[in-house]
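Read the structure below first, then the notes.
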Protein chains: 2
Amino acid sequence: MAKENKTKYAILGVLSLKPASGYDIKKFCDETIAHFWQENYGHIYPVLKQLEEEQWVEKKTEISEGKLKHVYSITARGRERLVEWLSVQPEVTKPRYEFLLKMFFSKDIPAQMVIQRLNESKILCQSILKQYESMEQKIKMGLANKTCLESGWAYRYSTLRYGILDLKAKIAWCDETIALINRVSNQDEEEGL
Amino acid sequence: MAKENKTKYAILGVLSLKPASGYDIKKFCDETIAHFWQENYGHIYPVLKQLEEEQWVEKKTEISEGKLKHVYSITARGRERLVEWLSVQPEVTKPRYEFLLKMFFSKDIPAQMVIQRLNESKILCQSILKQYESMEQKIKMGLANKTCLESGWAYRYSTLRYGILDLKAKIAWCDETIALINRVSNQDEEEGL
DNA sequence: CGACCCATGTAAGCAGTTACATGATTGC
DNA sequence: GCAATCATGTAACTGCTTACATGGGTCG
């Protein structure tokens, strides 16, 4: 019943790269996979406890510089589960796009307001796209220097590429939608005269 | 605290078009906005009750052909709330893409399996794209016949266009990612020799 | 001395999903 | 007679979010 807990596998994935604490996991999510995945402490810590009970991960408590740190590492059993999960074709995610919901019902607000919102969205997308593209450049330079040729770079790179293609599509959509609404609302005015 | 209930506004939006029962609302979601929004009875009915208490909607009980039907219509107050919600720039949705999460951590499964999954995704996207494009054709024909020139068609049309551009981007991404993984795994083999 | 990062966790609570329960009508 | 569609709801449950609580270290 209800949805499957995907946080489990996200944590398992992060730990498959190297052992980490709850804090480290959160940081990794924010710094590296934030464009398609988010986690928060309120979910990470309880799920880590759960994973420990299921023996998918192991806890080691370290004390360095007076600071307490719980470092978790993936077990053999955990690695099996991870591979099992990786091997299953993911279900199609059916996200709920609030901005499209608003767009769909927007006839009751002024067209100029809708266009303004679209422009704001477009500008935001463009700025994120710039960031992604500079990340892409860095990866490409690294490749040229052969400094990041460990196995798996291509998978990580592809998720960035997804972000880039997705943003470009969104920007194109904003452009064509602005043009469409302008055309239609001008037409309405002419008919109104 | 917690997330805002967006179902409220989705229902309000549907009722702003015309009065409907819970059943009708569900049907509308499935038939018309399913590509970016889903609802289920387990949420619709309780939220309708809530909206009635807040006097955003009104209930009228009809009995036709022995069947009980609760028809809800939006009130003036409800329309105000809807316009208020429409006027606010939606937050950027940060969806969790399970397929990208898997992709990111895929180095532990065979490259050929990843490619197969990508191919399956691509084929699925293509078939949905075909459906969307035939819907688009119908709308365009309707426009030519001037049969659907009520205000607001452009907004609904734009949501379909979003679906189309999005799917095209996904298909392009599948293609380039398959090519990338093929290139990298061939390279690995050569180095292995 | 205040801001910021490191570090760990709990509690409350809503949103949303799935399964269950019920029954009439229509059409093959 | 059986499946599908119309029609309304409830119950149980989980996933995830947000706010709260706490405390040490570092740097300007």
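Here is how names work: the chains are called A, B, and so on, in the same order as the sequence lines, proteins then strands, and each is numbered from 1.
Taking atom NZ of residue K26(B) and atom P of nucleotide dT8(D), one finds them 14 Å apart after rounding to whole Å. For the pair N5(B) CG and dC14(C) C1', the interatomic distance rounds to 8 Å; values are reported in whole Å. To the nearest angstrom, P of dC13(D) lies 18 Å from CD of E4(A). Spacing between atom CD1 of I25(A) and atom C1' of dC16(D) amounts to 16 Å, rounded to whole angstrom units. Rounding to whole angstrom units, NZ of residue K3(B) and C1' of dA19(D) are separated by 17 Å. Look at NZ on K94(B): it is 14 Å from P on dC16(D), rounded to the nearest Å. Following rounding to the nearest Å, Y23(A) (OH) and dT22(D) (C1') show an atom-to-atom distance of 15 Å. Atom NZ of K6(B) is separated from atom P of dT17(D) by 11 Å (rounded to the nearest Å).
In this structure, K69(A) reaches the dA7(C) phosphate: one of its side-chain N or O atoms is under 4.0 Å from OP1 or OP2. A sub-4.0 Å separation between OP1 or OP2 of dG16(C) and a side-chain N or O of T7(B) is present. Checking the phosphate oxygens (OP1, OP2) of dA7(C), no side-chain nitrogen or oxygen of K27(A) falls inside 4.0 Å.
Minimum atom distance to the side chain of R96(A) is reached by dG16(C), of the listed dG15(D), dG16(C), dT8(C).
In summary, the aromatic rings of W173(B) and F99(B) are positioned with their centroids under 6.0 Å apart.
Taking K170(A) as the reference, D166(A) meet the salt bridge (Lys or Arg N to Asp or Glu O under 4.0 Å) condition, with sequence neighbours excluded. In this structure R96(B) satisfies the salt bridge (Lys or Arg N to Asp or Glu O under 4.0 Å) test together with E39(A), sequence neighbours excluded. With sequence neighbours left out, E52(A) forms a salt bridge (Lys or Arg N to Asp or Glu O under 4.0 Å) with no residue at all.
For R161(B) and E136(B), the salt-bridge test passes: some basic side-chain N is under 4.0 Å from an acidic carboxylate O.
Not a single donor-acceptor pair under 3.5 Å links the side chain of K168(B) to the backbone N or O of A169(A). Side-chain atoms of N182(A) never come within 3.5 Å of backbone atoms of A179(A) as a donor-acceptor pair (strictly under, hydrogens ignored). The backbone N or O of I33(A) lies less than 3.5 Å from no partner atom in the side chain of R156(A), so there is not a single donor-acceptor pair.
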Stepwise side-chain contact (heavy atoms from CB on, under 4.5 Å) test for Q38(B) and C29(B): CA-CA 6 Å; Q38(B) 313 81 42; C29(B) 290; over 6 Å; no
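Near DNA chain C, meaning a heavy atom under 4.0 Å away, there are no residues from residues 81-91 of chain A. Near DNA chain C, defined here as any heavy-atom distance below 4.0 Å, the residues from residues 39-57 of chain A are Y41(A), G42(A), Y45(A), K49(A), listed numerically.
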Under the 3.5 Å Watson-Crick or G-U criterion, the dot-bracket string of DNA chain C, with | for inter-strand pairs: ||||||||||||||||||||||||||||
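With a 6.0 Å radius and a threshold of 12 heavy atoms from other residues, nucleotides or ligands, E31(B) has its CD atom above the threshold. Around CD of Q55(B), the count of heavy atoms belonging to other residues, nucleotides or ligands within 6.0 Å does not exceed 12.
With 3.5 Å as the limit, one finds no donor-acceptor pair spanning the side chains of E98(A) and Y9(B).
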